[in-house]
Amino acid sequence: MKVFVAPMQGLTDAAWRNIHAGVYGAADAYFSPFLRVDGGVVRAKELRDITSPLNERVQLIPQAIFRSVDELKMIADAVSDAGYSSLDLNLGCPFPPQLHRGRGAAMVARHDVMELVAHCDFGLDLSVKMRPGVTSYDEWKAILPILNDMKLNHVTIHPRLAIHGYKGPVNMECFAEMVDSIRHNIVYNGDIVSPTQIETYNNTYNIYGVMVGRGLIARPSMIEEWRSGEVWSIQRRISHLRQVLERLLRQYSETMCGDLQIIKHVQAFVEYVDPDFPPRMMKQLRKSQSIRAFEKALQEFR
Ligand SMILES: Cc1cc2nc3c(=O)[nH]c(=O)nc-3n(C[C@H](O)[C@H](O)[C@H](O)COP(=O)(O)O)c2cc1C
């Protein structure tokens, strides 16, 4: 079974992917935060992310969010030009600014656009990442025939409605129904926080893979622990996490300006870190206002 890393804007960028693969060993693939068209062009920031030399160590699959075939074509061309052969289609984003423009999870109900997408040749291997719908667990049924007719490497399912964001229980009944109906390789995504849970999904469902997001930021060793069957001690996890944070600091210092911008970026990762870690350590890292203070807090946990 494959273990993929979920796309997460502001977190799973080229720097983090490179460091994650270096410190823990690479996941089967990493999905890029979504690329989108803004003002008639594909946004430069996300293009820089997928063209960074820091991606050399990992298998990266770029992701597109779109509201029309024209937007998707522009992104697909940019992704091809960047040398990629795969593209993941975002049919799950719940953020209102995207949703209200008909992108992300809103696309699940837009069979007119999906019909056109299905008949277009983008010259790339496609996959889909989707939710069941925006407000109802039945919305996906409208595009089911289209999805089943498409040539897709896999379909990742996050079984929550867009109106629920990333909170509340995942709907495993809906997931099971989607697994039975969608004639593609299925990847499960949602709330996996431990290597044991990866194994449970592996044993319970006939799936192609799982995709891990917030749980992996919290416990970046999760995939390696699952692969090796060895549960890491808290000490080992802390010492590796320290390496990750130190390397992120170094990497962001090369590309960003100003202590505070750099520190806020690294602190975004600390927000997700495992609740089992010493609260004093986490507090010191969270409240650091400068790179020096952050580094000093890290030193204490050698
Ligand atoms: C901060 C943040 C940013 C995200 N950005 C993206 C994105 O760019 N594309 C996407 O498909 N999903 C995005 N997601 C959703 C995740 O990929 C994933 O589906 C979600 O976090 C549920 O999985 P998890 O419980 O393992 O975290 C984002 C989630 C978070 C919390």
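Start at 1 with the first residue, then count along the sequence. Every number for a ligand or one of its atoms is a count from 1 in the order of the listing.
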Practice problem: Would you tell me which option among P7, G215, A6 has the nearest heavy-atom contact to atom 10 (C) of ligand 1? | Solution: P7

Practice problem: Starting from atom 21 (O) of ligand 1, locate the nearest protein heavy atom and write down its residue, its atom name and how far away it is, to 0.1 Å. | Solution: R214 NE, 3.7 Å

Quiz item: What class does the angle between the rings of Y137 and H164 fall in, given that below 30° is parallel, 30 to 60° is tilted and above 60° is perpendicular?
Solution: tilted

Quiz item: With backbone taken as N, CA, C and O and side chain as the heavy atoms from C-beta onward, which portion of K129 lies under 4.0 Å from ligand 1: side chain, backbone, both, or neither?
Solution: side chain

Self-check item: Atom CG of D112 with >12 non-hydrogen neighbours under 6.0 angstrom
Solution: yes

Quiz item: Is G213 close to ligand 1, meaning an N/O of one under 3.5 Å from an N/O of the other?
Solution: yes

Quiz prompt | Within 6.0 Å of CZ in R292, more than 12 heavy atoms from elsewhere | solution = no

Quiz item: Would you say Y272 contacts ligand 1, with heavy atoms under 4.0 Å as the rule?
Solution: yes

Self-check item: Mode of F31 contact toward ligand 1 - side chain, backbone, both, neither (heavy atoms, under 4.0 Å)
Solution: neither

Practice problem: Would you verify whether the NZ or CZ of R131 falls within 45 degrees of the ring axis of Y166 while also being under 6.0 Å from that six-membered ring's centre? | Solution: yes

Self-check item: Presence of salt bridge, D191 and K167, under 4.0 angstrom
Solution: no

Quiz item: Which residue and non-hydrogen atom of the protein lie closest to atom 15 (C) of ligand 1, and at what distance in Å?
Solution: Y166 OH, 3.2 Å

Quiz prompt | Within-cut-off N or O pair, F95 and ligand 1, under 3.5 Å | solution = no

Quiz prompt | atom 9 (N) of ligand 1: the protein heavy-atom neighbour that sits closest, reported with distance to 0.1 Å | solution = Q63 OE1, 2.8 Å

Quiz prompt | Polar contact flag, side-chain donor to acceptor under 3.5 angstrom, Y208-H184 | solution = no

Practice problem: Verify whether one side chain among N55 and R17 offers a donor that lies under 3.5 Å from an acceptor in the other. | Solution: yes

Quiz item: Do any heavy atoms of G190 fall under 4.0 Å from ligand 1?
Solution: yes

Quiz item: Should N189 be counted as touching ligand 1, given the test is an N or O pair under 3.5 Å?
Solution: yes

Exercise. Determine, using ring centers only, whether Y205 and Y188 are less than 6.0 Å apart.
Key: no

Practice problem: Take R237 and F277, measure what side chain to side chain contact (heavy atoms under 4.5 Å, CB included) needs, and give me the verdict at the end. | Solution: CA-CA 9 Å; R237 281 161 52 194; F277 285 2; 3.9 Å; yes

Self-check item: Residue and atom name of the nearest protein heavy atom (relative to atom 3 (C) of ligand 1), distance in Å to one decimal
Solution: Q9 N, 3.2 Å

Quiz prompt | Polar proximity ligand 1 side, D191 side, N/O cut 3.5 Å exclusive | solution = yes

Quiz item: Hey, what's the ring geometry for Y24 with H240, parallel, tilted or perpendicular (30° and 60° as the breaks)?
Solution: tilted

Quiz item: Between S32 and ligand 1, does any nitrogen or oxygen pair lie at a separation below 3.5 Å?
Solution: no

Practice problem: Output the list of atoms in ligand 1 that are nearer than 4.0 Å to some heavy atom of H158, sorted by atom number. | Solution: 22 (C)

